[in-house]
Amino acid sequence: MHKLLCPSMMVADFTKIKEEVQELELANIDIFHMDIMDGSFVPNMALGVEDYKAIRSLTSKKMDVHLMVQRPKNYIKMFFNLGANIIYIHPESDQMPTSTLEMIKSLGMTPGIAINPGTSIESIEPLLNLTQNVLVMTVNPGFAGQPYLDFVNKKIDALVKLQNQYNYQIFVDGAISPQKVKMLSQRGVTGFILGTSSLFNKDKGYSQIIQELRQL
Ligand SMILES: O=C(CO)[C@H](O)[C@H](O)COP(=O)(O)O
């Protein structure tokens, strides 16, 4: 199965973002992962609209948006206009997540849901027939460099089983080291958000790292 490898751009070096994007493209990554935070849904702020525009102007590869914000519906058209291909919302942050997912789809983008470590499968199951990507958070969202939460593996296994009934791909986000890429791809995960645990600030180049991750 082809792994979808997605650099988490909140940990890229913005002092040389053009070179970062070019090197990641050369390394043949699949999707640029863009974390948007409002300081309310999560206790941090990360990328913003100007960062989104900058990276969009540097690449024609797919870009997602992980909306860690209250009332994500308010921002769907804005990110559509900025050239987003995939939008993840957190169901807890939205009064009518079904309507927001329909809106993302109707604009021709891929609808996704992001599930916090403390969010149960039962609470999101009604949304699974409206979503194409499920982003399982393996840390509490907001900060890079946190430890992986092993208890989430049980939820990943349940989501892999439910794939028989619905049509979605599973992505994981948070402390995704090479060991976790191997373990989780064996479990049935296809998409991996790569941050400080595997891709950025390492003593190897992106091409070598990406090639090694594809072989795991
Ligand atoms: O979503 C995130 C934080 O909320 C980041 O994408 C992720 O945590 C970055 O990866 P790492 O944990 O390996 O630094």
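We're numbering straight along the sequence, starting at 1.
Side-chain rings of Phe79 and Tyr52 approach one another, their centers coming within less than 6.0 Å.
Contacts classified as salt bridge (charged side-chain N to carboxylate O under 4.0 Å, His left out) and involving residues 52-79 (residues at least two apart or in different chains) are given here: Glu50-Lys53. Legend: salt bridge (charged side-chain N to carboxylate O under 4.0 Å, His left out) pairs involving residues 163-191, not counting sequence neighbours, sorted by first then second residue: Asp157-Arg187.
Within a 6.0 Å radius of CE in Met183, more than 12 heavy atoms belonging to other residues, nucleotides or ligands are found.
Not a single donor-acceptor pair under 3.5 Å links the side chain of Asn44 to the backbone N or O of Phe143. Looking at Asn164, its side chain does come within 3.5 Å of a backbone N or O of Lys161 through a donor-acceptor pair. Using modelled atom types, no side-chain atom of Gln169 and backbone atom of Gln132 make a donor-acceptor pair closer than 3.5 Å. The main-chain N or O of Val181 is found under 3.5 Å from a side-chain atom of Ser185 such that the two form a donor-acceptor pair.
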Could you go step by step and tell me if Glu212 and Gln208 meet the side-chain hydrogen bond (donor to acceptor under 3.5 Å, both in side chains) rule? CA-CA 6 Å; Glu212 287 171 5; Gln208 190 184 343; 3.0 Å; yes

Please evaluate residues Ser93 and Gln70 with respect to the criterion side-chain hydrogen bond (donor to acceptor under 3.5 Å, both in side chains), reporting the C-alpha separation (whole Å), side-chain torsions for both, the decisive distance (0.1 Å), and the verdict. CA-CA 5 Å; Ser93 65; Gln70 303 287 359; 5.5 Å; no

Show your working on side-chain hydrogen bond (donor to acceptor under 3.5 Å, both in side chains) between Tyr168 and Asn133 and close with a plain yes or no. CA-CA 5 Å; Tyr168 57 81; Asn133 288 9; over 6 Å; no

I would like to know whether Asn153 and Tyr148 meet side-chain hydrogen bond (donor to acceptor under 3.5 Å, both in side chains); could you show each step before the answer? CA-CA 10 Å; Asn153 290 343; Tyr148 184 91; 2.6 Å; yes

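Two residues are said to be in side-chain contact when any heavy atoms from C-beta on lie closer than 4.5 Å; Val134 and Ile115 meet this criterion. Residues Lys3 and Leu213 form no side-chain contact, since every pair of their non-hydrogen atoms from C-beta on lies 4.5 Å or further apart. Two residues are said to be in side-chain contact when any heavy atoms from C-beta on lie closer than 4.5 Å; Asn85 and Met109 fail this criterion.
In this structure, Ile113 is not a member of the same hydrophobic cluster as Leu4, with clusters built from ILVMFWY side-chain heavy atoms closer than 4.5 Å.
Looking at Ile193, Leu199, Thr138, Thr196 one by one, the single match for side chain to side chain contact (heavy atoms under 4.5 Å, CB included) with Ile176 turns out to be Thr138.
Across all non-hydrogen atoms, the minimal contact from Met37 to Gly142 is CE-O, 3.2 Å. What you find for Ile209 and Ser198 is that their closest heavy atoms are CG2-O, 3.4 Å. Nearest heavy atoms, His90 versus Pro141: CE1-CG, 4.2 Å. Of all heavy-atom pairs spanning Gly188 and Gln163, the tightest one is O-OE1, 4.4 Å. A pairwise comparison of heavy atoms in Ser197 and Ala175 identifies OG-CA, 3.1 Å as the closest pair.
For the side-chain hydrogen bond (donor to acceptor under 3.5 Å, both in side chains) test, no residue two or more places apart in sequence or in another chain qualifies with Asp38.
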